[in-house]
2 protein chains.
Amino acid sequence: MDGDQPSSRDRLIIAAQRLFARHGYNGVSVRDIAAEAGMNSASIGYYFGGKENLLAEVYRRSAAPMKAERRRRLAELDEAGITDLPALIDAFVRPALLADESGSFLRLRTILSAENSDIFSSLTAENFDDTSAEFIDRLCRALPNRARTEIMWRFHFMLGTLYYSATGPQRIATISDGQCDPHDVDRLLASLVPFLVAGFSAQEKDVLS
Amino acid sequence: MDGDQPSSRDRLIIAAQRLFARHGYNGVSVRDIAAEAGMNSASIGYYFGGKENLLAEVYRRSAAPMKAERRRRLAELDEAGITDLPALIDAFVRPALLADESGSFLRLRTILSAENSDIFSSLTAENFDDTSAEFIDRLCRALPNRARTEIMWRFHFMLGTLYYSATGPQRIATISDGQCDPHDVDRLLASLVPFLVAGFSAQEKDVLS
DNA sequence: GTCTATACAGTGATAGAC
DNA sequence: GTCTATCACTGTATAGAC
C-alpha cells in the first residue's frame with residue numbers, strides 16, 4: 001500500500017522544499033537541509049550530486065501542481081466557451097499566487113531569477129515553456145488586433161508584476177502606511193487583474209524597429 | 001586641488017560598485033573587492049564594518065544620479081506645464097533603466113529585494129521614500145477619479161515590471177525566439193510606457209474590502 | 001546500495017601585531 | 001592605518017563502514 005515511509009531521497013526533497021521557500025537558495029546550506037531531514041549532509045551529494053540538482057528536483061515538484069491548476073482552469077474556460085481576456089489572465093495569474101501556501105514557490109523563483117539567473121533560465125525553460133506558449137497563443141487569439149511581438153512584451157511585464165508581488169511586499173506596505181497588504185492575495189488579485197487586462201488591451205504605440 | 005588620488009575608502013567603494021553590478025551581492029567576496037581595489041580584504045572591515053555596510057555605501061552612491069535625473073525630468077515637465085500620465089510615467093521609468101549603463105544598479109536592487117529583503121527594505125526606504133511619495137502624489141493628481149489606494153497598488157505593479165526587466169531578460173528572448181531583446185532599452189520603453197499608462201488608467205473593479 | 005566521517009578550498013568577520 | 005592570522009562557516013568530493 002501507499003502508507004510507506006517516504007524514502008530518504010524524498011525526505012531530502014521535502015526538507016529542501018520547505019527551507020528554500022522560507023530562506024531562498026543561498027540562504028540555506030546543505031547541512032541545514034540534511035539536518036531538517038534527519039540525515040547526513042553528504043547524502044545530498046550521494047542522491048543528487050549536489051545542491052543545485054536538488055534544487056532542480058524541488059523546482060519540478062513545485063511546478064507540477066501549479067501547472068495542473070492552470071490547465072484545469074483553462075479546461076473549465078473551454079468547456080464554458082469563455083475566451084475573454086479577464087478570465088484568461090485570471091487563469092494564468094491566480095494559480096501562481098495560490099498554488100502553494102503564500103506563493104512560496106513563486107518567491108523562490110524570483111530569488112533564482114535575480115541571483116542565479118543561469119540556473120533559473122534552464123529550470124524555467126524546462127518547466128514552463130509549454131505553458132507560456134499556450135497562454136501567449138490564447139492571448140493572441142483574444143487580442144487579434146495586437147502584434148504577437150507586442151503581446152510577448154506585455155507577457156514579460158505581467159511576469160514582472162507577479163514575481164515582484166511575491167517578494168517585495170513590505171515596500172508597498174510601507175508606502176501606503178499599511179493600507180495595502182500584499183499578503184492579502186484576494187485583494188492583490190482584485191487590483192492586479194484589471195491592471196493587466198488594461199495593459200494587454202492598450203493601443204499600440206507606433207514603434208520604429 | 002581635486003586632482004588627488006581617490007582615498008583608499010573611495011577605491012573600495014568604486015571597486016565594489018563595479019563588481020556588485022556585474023555579479024550581484026552574494027556573487028562577490030570581500031576578497032574580490034579588496035583585490036580589485038588593490039587592498040587587503042580586512043580593510044573592508046576597517047573602513048565599513050563589514051560587507052553589508054559597504055553595500056549601503058554603494059547603494060547611496062548609485063541612487064543619487066538616478067534620483068537627480070528623475071528630479072530633472074520632473075522639473076522639465078513643470079516648466080513646460082505638462083501633467084499628462086505618459087510623460088509622468090516616462091519620467092519615472094526611464095531614469096531607472098538608463099541612469100547607469102544597462103541598468104546595473106536596478107539589477108542589484110532586484111537581487112537584493114529577492115535575496116536579502118531586510119537589507120533591501122531599509123536601503124530602499126532610506127533612499128527612495130521621498131521620490132516614491134512625490135510620484136504617487138503626481139499620479140493621484142493626474143488620475144483624480146482613482147482611489148489613492150488603487151494607485152499605490154498600481155505603483156507596486158509598475159515597480160515589478162521595472163525590476164523584472166532588469167533581471168529576467170533571457171526569458172522573454174527565449175519565448176519570442178529572439179524577437180524581443182530586453183537589452184534594447186528604447187524598444188522596451190516603447191512597449192512598457194503605454195502598457196503602464198493603460199494599467200494606471202484602468203477602470204476600477206468594485207472591490208469589497 | 002546506503003550512508004557517514006572527514007578533508008578541502010572557499011566565504012565573511014575580527015583580534016591583534018606593527 | 002594597514003596587514004597577518006585565525007575563526008566558524010559554506011559546498012563538494014571521496015574513502016570506507018555496513
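Chain naming here is simple, since letters A, B, ... match the order of the sequence lines and numbering starts at 1 in each. Keep in mind that the numbers below use all heavy atoms, side chains included, and drop hydrogens, waters and symmetry copies.
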Distance in angstrom units between [X] [atom1] and [N] [atom2], rounded:
X	N	atom1	atom2	result
A:Gln5	C:dT2	CD	P	17 Å
A:Tyr46	C:dT4	OH	P	11 Å
B:Phe48	D:dG1	CZ	C1'	14 Å
A:Leu12	C:dT2	CG	P	13 Å
B:Ile44	C:dA13	CD1	P	9 Å
A:Asn40	D:dA13	CG	P	15 Å

| task | Look only at the side chain of B:Ser191 and the backbone of A:Trp153, and say whether a donor-acceptor pair between them is shorter than 3.5 Å. | result |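 Pair absent, no side-chain N/O of B:Ser191 close to backbone of A:Trp153.
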| message | Please check this pair: side chain of A:Arg146 against backbone of A:Ile151, looking for a donor-acceptor N/O pair closer than 3.5 Å. | response | no
| When all nucleic acid strands are considered with a 4.0 Å heavy-atom cut-off, which category describes A:Ser41: base, sugar-phosphate, or nothing? | nothing
Less than 4.0 Å between a side-chain N and a carboxylate O, is that true for [Y] and [X]?
X	Y	result
A:Arg187	B:Glu150	yes
B:Asp10	B:Arg61	yes
B:Asp78	B:Arg73	no
B:Arg171	A:Asp129	yes

| said: Which residues pass the side chain to side chain contact (heavy atoms under 4.5 Å, CB included) test with A:Ala21, not counting sequence neighbours? | reply: A:Ser104
| task | Can you sort out the partners of B:Glu57 under side chain to side chain contact (heavy atoms under 4.5 Å, CB included), two or more places apart, ordered by chain and number? | result |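 If we apply the side chain to side chain contact (heavy atoms under 4.5 Å, CB included) test to B:Glu57, skipping adjacent residues, the hits are B:Arg9, B:Ile13, B:Phe48, B:Arg60.
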Using nucleotides 16-18 of chain C, report all nitrogen or oxygen pairs with the protein that are shorter than 3.5 Å.
none

| request: Decide yes or no on side-chain hydrogen bond (donor to acceptor under 3.5 Å, both in side chains) for B:Ser29 and B:Asp32, but give the supporting numbers first. | output: CA-CA 5 Å; B:Ser29 71; B:Asp32 292 336; 3.1 Å; yes
| message | Just to be sure I understand the geometry, which residues of residues 18-34 of chain B put a non-hydrogen atom under 4.0 Å away from DNA chain C? | response | B:Val28, B:Ser29, B:Val30, B:Arg31
| field | Within residues 49-59 of chain B, residues whose heavy atoms come under 4.0 Å of DNA chain C | value | B:Gly50, B:Lys51
Enumerate donor-acceptor pairs with a distance under 3.5 Å from any side-chain N or O in residues 37-45 of chain A to protein atoms, sequence neighbours excluded.
residue: A:Asn40; atom: OD1; partner: A:Ala42; partner atom: N; Å: 2.8
residue: A:Ser43; atom: OG; partner: A:Asn40; partner atom: O; Å: 2.4

| Side chains of B:Phe157 and A:Tyr164: does their closest heavy-atom pair fall under 4.5 Å? | no
